[in-house]
There are 2 protein chains.
Amino acid sequence: MARAGLTAERVTIAAAELADEVGLDQVTMSQVARRLGVKDASLYSHVRSLEELRGRIALLAADEKTIRIAEATAGRAGKDALIAFANAWREYAHRYPGRYTATQSQVRIDPELVARAPGPRRAVELTYGMLRGYGLAEPDLTDAVRLLRSTFHGFVALEAAGGFAHERSPQQSWPRALEALHALLERWPSSGEGDSA
Amino acid sequence: MARAGLTAERVTIAAAELADEVGLDQVTMSQVARRLGVKDASLYSHVRSLEELRGRIALLAADEKTIRIAEATAGRAGKDALIAFANAWREYAHRYPGRYTATQSQVRIDPELVARAPGPRRAVELTYGMLRGYGLAEPDLTDAVRLLRSTFHGFVALEAAGGFAHERSPQQSWPRALEALHALLERWPSSGEGDSA
DNA sequence: CCACGGTACCTAGGGGTTCTAGGCTATAGC
DNA sequence: GCTATAGCCTAGAACCCCTAGGTACCGTGG
């Protein structure tokens with residue numbers, strides 16, 4: 001019997017493609033094996049379990065998304081960088097919905113696998129770098145990073161879950177949200193005082 | 001054989017409790033049945049499928065979350081209302097992680113079921129009401145509602161997924177994020193101009 | 001008080017899934 | 001060319017979803 005030349009990476013990619021096509025929770029060992037022309041038991045030489053495979057998809061997505069964002073923001077600064085960053089994020093989520101969903105998984109991934117994946121760490125660094133132009137200092141910087149990441153993720157997640165049922169298209173609200181975040185970053189409220197309206 | 005007195009609601013509640021304890025994707029018909037002291041096949045008289053059951057959990061969570069938010073914001077306005085709203089949201093997600101996760105499901109729920117659940121619709125109304133004090137007009141109002149919902153959801157989702165690995169606790173970043181959103185709402189950038197830094 | 005209809009729960013079973021144990025065979029190194 | 005390793009296999013246990021059809025309990029009307 002001809003060898004299929006499987007490897008953990010190839011299995012992960014097949015699973016990721018499947019996730020984008022039919023949804024993450026339709027990704028089963030059997031389906032992935034079928035797509036690779038192999039029996040399901042054969043996958044266990046490369047991947048410990050279905051859960052681990054899901055984790056690998058998540059890490060793959062994190063890496064890919066980080067690369068897109070890095071390319072999009074290269075050479076840009078300030079508002080341009082913010083918009084490029086956010087659009088790259090959202091476009092990734094739209095184009096690879098299954099992979100992106102894997103990112104939201106709440107089961108914790110094998111730390112040794114995480115350590116080998118540059119994506120998650122680098123994503124945070126990129127966000128900090130993008131904010132450099134706004135002149136924020138710690139701990140405001142970390143808080144701002146978290147606010148941005150929350151908003152980006154929340155927007156695309158709600159969009160995917162059909163949370164924006166109103167007649168106004170999310171496509172219209174998105175640039176306005178970015179505009180608002182930019183304005184916010186320019187006059188970030190300093191830590192001490194709370195200007196109650 | 002003594003009747004267990006099942007009903008769609010009781011099945012949903014048992015499933016929701018199970019989801020909070022062991023995670024949403026560990027919720028199976030067999031486990032729910034076991035918890036209710038019943039055979040799995042018996043559940044199908046009350047719930048069409050596992051998928052529908054997940055949808056019912058999501059609607060239950062939406063209703064419950066809306067009620068918490070309504071109670072928390074009652075009689076408050078402006079910044080007080082914003083903070084109460086956001087904290088009620090986040091606390092619900094922390095206390096009922098399985099139910100909250102069900103909310104993020106991307107499979108669409110039976111529309112007839114949705115129509116009977118007041119939660120989702122009311123949640124949006126509450127958000128609009130909370131923003132009344134900031135004096136925004138459409139379409140800015142809708143955009144602001146979406147930005148807020150995105151940020152609230154994104155923050156708790158990232159928090160649950162372990163996305164805030166930095167040493168600074170999310171607990172510290174959260175009030176700062178709310179402060180920032182309040183400042184943003186007070187000087188929401190009007191639709192026309194883009195003040196490029 | 002009894003018959004009866006409906007409903008709640010049951011058993012049985014098909015087909016899918018994850019994962020383990022163990023076997024065979026193709027490839028790589030000597 | 002021989003052997004060791006690794007890749008893929010078959011077999012099978014345990015679980016899961018869901019359907020079909022049976023049985024026993026309950027509330028109601030006579």
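What you see below is based on every heavy atom in this structure, not just the backbone, and it leaves out hydrogens, waters and symmetry mates. Lettering of chains follows the sequences in order, A, B, ..., and the numbering in each one begins at 1.
In this structure, B:R34 reaches the D:dC16 phosphate: one of its side-chain N or O atoms is under 4.0 Å from OP1 or OP2. Checking the phosphate oxygens (OP1, OP2) of C:dC10, a side-chain nitrogen or oxygen of B:S42 falls inside 4.0 Å.
In A:R35, the CZ atom is crowded: over 12 heavy atoms of neighbouring residues, nucleotides or ligands sit closer than 6.0 Å.
For the pair A:L36 CG and D:dC8 P, the interatomic distance rounds to 10 Å; values are reported in whole Å. Atom CG in B:D40 sits roughly 14 Å away from atom P in C:dC9 (whole-Å rounding).
Under a 3.5 Å cut-off, the side chain of B:D20 and the backbone N or O of B:R99 do form a donor-acceptor pair. Judged purely by atom type and a 3.5 angstrom limit, B:S42 has no side-chain atom pairing as donor or acceptor with the backbone of B:V38.
Ion pairing between A:R90 and A:E159 holds under the 4.0 Å rule for side-chain N and carboxylate O. Look at B:E112 and B:R116 and you find a salt bridge, because one of the NZ, NE, NH1 or NH2 atoms lies within 4.0 Å of a carboxylate O, short of that distance.
Picking from D:dC8, C:dC9, D:dC9 the nucleotide with the shortest atom distance to the side chain of A:K39 gives D:dC9.
Residue pairs meeting the ring-ring contact (aromatic ring centres under 6.0 Å, His included) criterion with at least one partner in residues 49-88 of chain B, sequence neighbours excluded, are B:F85-B:F152.
None of B:K79, B:R187, B:H182 except one satisfies the side chain to side chain donor-acceptor pair (under 3.5 Å) rule with B:Y134; the exception is B:H182.
DNA chain C is contacted by both B:A41 and A:Y44; B:A41 maps to the nucleotide lying nearer its 5′ end (nearest heavy atom per residue). Where A:Q31 and B:H46 each meet DNA chain C at their nearest nucleotide, the meeting point lying more 5' is that of B:H46.
Near-neighbour residues of DNA chain C inside residues 47-54 of chain A, defined by a heavy atom below 4.0 Å, number-ordered: A:S49, A:L50. Near DNA chain C, defined here as any heavy-atom distance below 4.0 Å, there are no residues from residues 101-110 of chain A. Heavy-atom distances under 4.0 Å link DNA chain C to A:T28, A:M29, A:S30 of residues 12-30 of chain A, given in residue order.
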Start with the C-alpha gap between B:S49 and B:E51, add the side-chain angles, then the distance that decides, and say whether side chain to side chain donor-acceptor pair (under 3.5 Å) holds.
-> CA-CA 5 Å; B:S49 67; B:E51 191 177 310; 5.6 Å; no

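Figure legend: cation-pi geometry between B:R146 and A:F155 absent, as NZ or CZ is not positioned both under 6.0 Å from the six-membered ring centre and within 45° of its axis.
With sequence neighbours excluded, the residues satisfying side-chain hydrogen bond (donor to acceptor under 3.5 Å, both in side chains) with A:Q106 are B:T101. By the side-chain hydrogen bond (donor to acceptor under 3.5 Å, both in side chains) test, B:Y128 pairs with B:T142, sequence neighbours left out.
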